Visitor: 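Take a look at this one; I'll ask things after.
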Amino acid sequence: MLKMFTCWFVREDGAHKPIQLHHLQTLVLGRGPQTTIKDKKCSREQVELKADCNKGYVKVKQLGLNPTSVNSVVVGKGNEVKIKPGQLLHIVNEMYSYTVRFREDPMGNNNNNSSTKLQTQASSDHRSLPADKDDDGLCQTVKHEEKNTKEERFGHWSQGLKSSMQDPKLQVYKDDKVVVIKDKYPKARHHWLVLPWQSITSLKALHKDHCDLVKHMHQVAEQMIEQCPDSRSLPFRMGYHAIPSMSHVHLHVISQDFDSSCLKNKKHWNSFTTDYFIESPDVIEMLETNGKVTVKEGICDLLKLPLRCHKCRKELPTIPALKEHLKSHFPK
DNA sequence: GTTCTAGAAC
DNA sequence: GTTCTAGAAC
């Protein structure tokens, strides 16, 4: 549950009502009725504003010839700076001062009907107080600390698989023990994830009792390959990342063409083509013989190895060069 | 995990 | 000049 913010461009002398800056939409201001500025030194298109309501700043670009300044530092024509609440923006020649303010949007929308209320309020941050006598939540700074803890509990990116696996639209197979989803950012023509319903954080949490489950995950992975028409012509591998980014243990089932626009960097490549990728049978064997899965120390260094073709071992200098090379092994 | 972007590499 | 990577932010 991300909090929504609206952004307001506030004239300090109250010459006009605050102007709402919509998230990531550019707004050009200068001499004209919106600002009430009549000064000829101010261009009709003096500044371009773009608010990022999530990050809590506004990008200001000086379009006009005469100086726009932030805390008395001139921006310069064609230049862009970020301003945050608390900083003072002068539209031109140290005149017509403005500040930006972010306000929690209780409706979760970007409506424009609270501008009159906003004008008379002092800047303060009472968002953690009960709402009954709140001052409408106007704040000088977006409290990222508070936001982050909420994200980690519910919506942090590393928890994404937990919700994806529950989404029927993403499920391609399920039984009483496991579910299969397509990888959201597939790194090859075919790329699935097999996840147990049981909440297991990572390989580290696996022990002997999980043997049957992990074997079942392997069997389901094999079924996925078998039902794929391309598996007659394309090789597949099944395995786990040694240290995955996403929480909840998941078995990758991936065709070996690596023909995907989502494969973008060295980490992507090496995570599937070095020993960072632990084959499913190896995990099963480690569980059976040791009762746990051990990952070699320094395994992360494998992610930084030079790019090397997994088929012919040729080293390629860049990702685009590697992708071009892969076409020779896996024509469409 | 991805996106964004500064600056390295070419 | 453009392409590409790698680290920060999310």
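Just so you know, these numbers come straight off a predicted model, no measurement behind them. Throughout, protein chains are lettered first and strands after them, A, B, ... in sequence-line order, and every chain is numbered starting at 1.
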Visitor: Check DNA chain B against residues 241-250 of chain A and give the residues with a non-hydrogen atom under 4.0 Å, in numerical order.
Guide: A:H241, A:P244, A:S245, A:M246
Visitor: Salt bridge or not for A:D259 and A:K332, using N-O below 4.0 Å?
Guide: yes
Visitor: Taking side chain as C-beta onward, heavy atoms only, is A:H191 less than 4.5 Å from A:F272?
Guide: yes
Visitor: Looking at B:dT2, B:dT5, C:dC4, which one has an atom nearest to any side-chain atom of A:T318?
Guide: C:dC4
Visitor: Using a 6.0 Å cut-off, check whether atom NZ of A:K292 has over 12 heavy atoms from anything other than its own residue.
Guide: no
Visitor: Mind listing the closest non-hydrogen atom pair of A:S260 and A:K187 along with its distance?
Guide: CB-C, 3.5 Å
Visitor: Counting side-chain heavy atoms from CB outward, which of B:dT5, C:dA6, C:dT5 is closest to A:K266?
Guide: C:dA6
Visitor: Could you give the distance from CD1 (A:I19) to SG (A:C7), rounded to the nearest 0.5 Å?
Guide: 11.0 Å
Visitor: What parts of residues 302-313 of chain A reach DNA chain B, counting only heavy atoms under 4.0 Å away?
Guide: none
Visitor: Out of curiosity, A:F330 CZ to A:D230 CG, how far, rounded to the nearest 0.5 Å?
Guide: 12.0 Å
Visitor: To the nearest 0.5 Å, what is the distance between OG1 (A:T6) and NE2 (A:H22)?
Guide: 9.5 Å
Visitor: Name the closest nucleotide to the A:H268 side chain, picking from C:dT5, B:dT5, B:dT2.
Guide: B:dT2
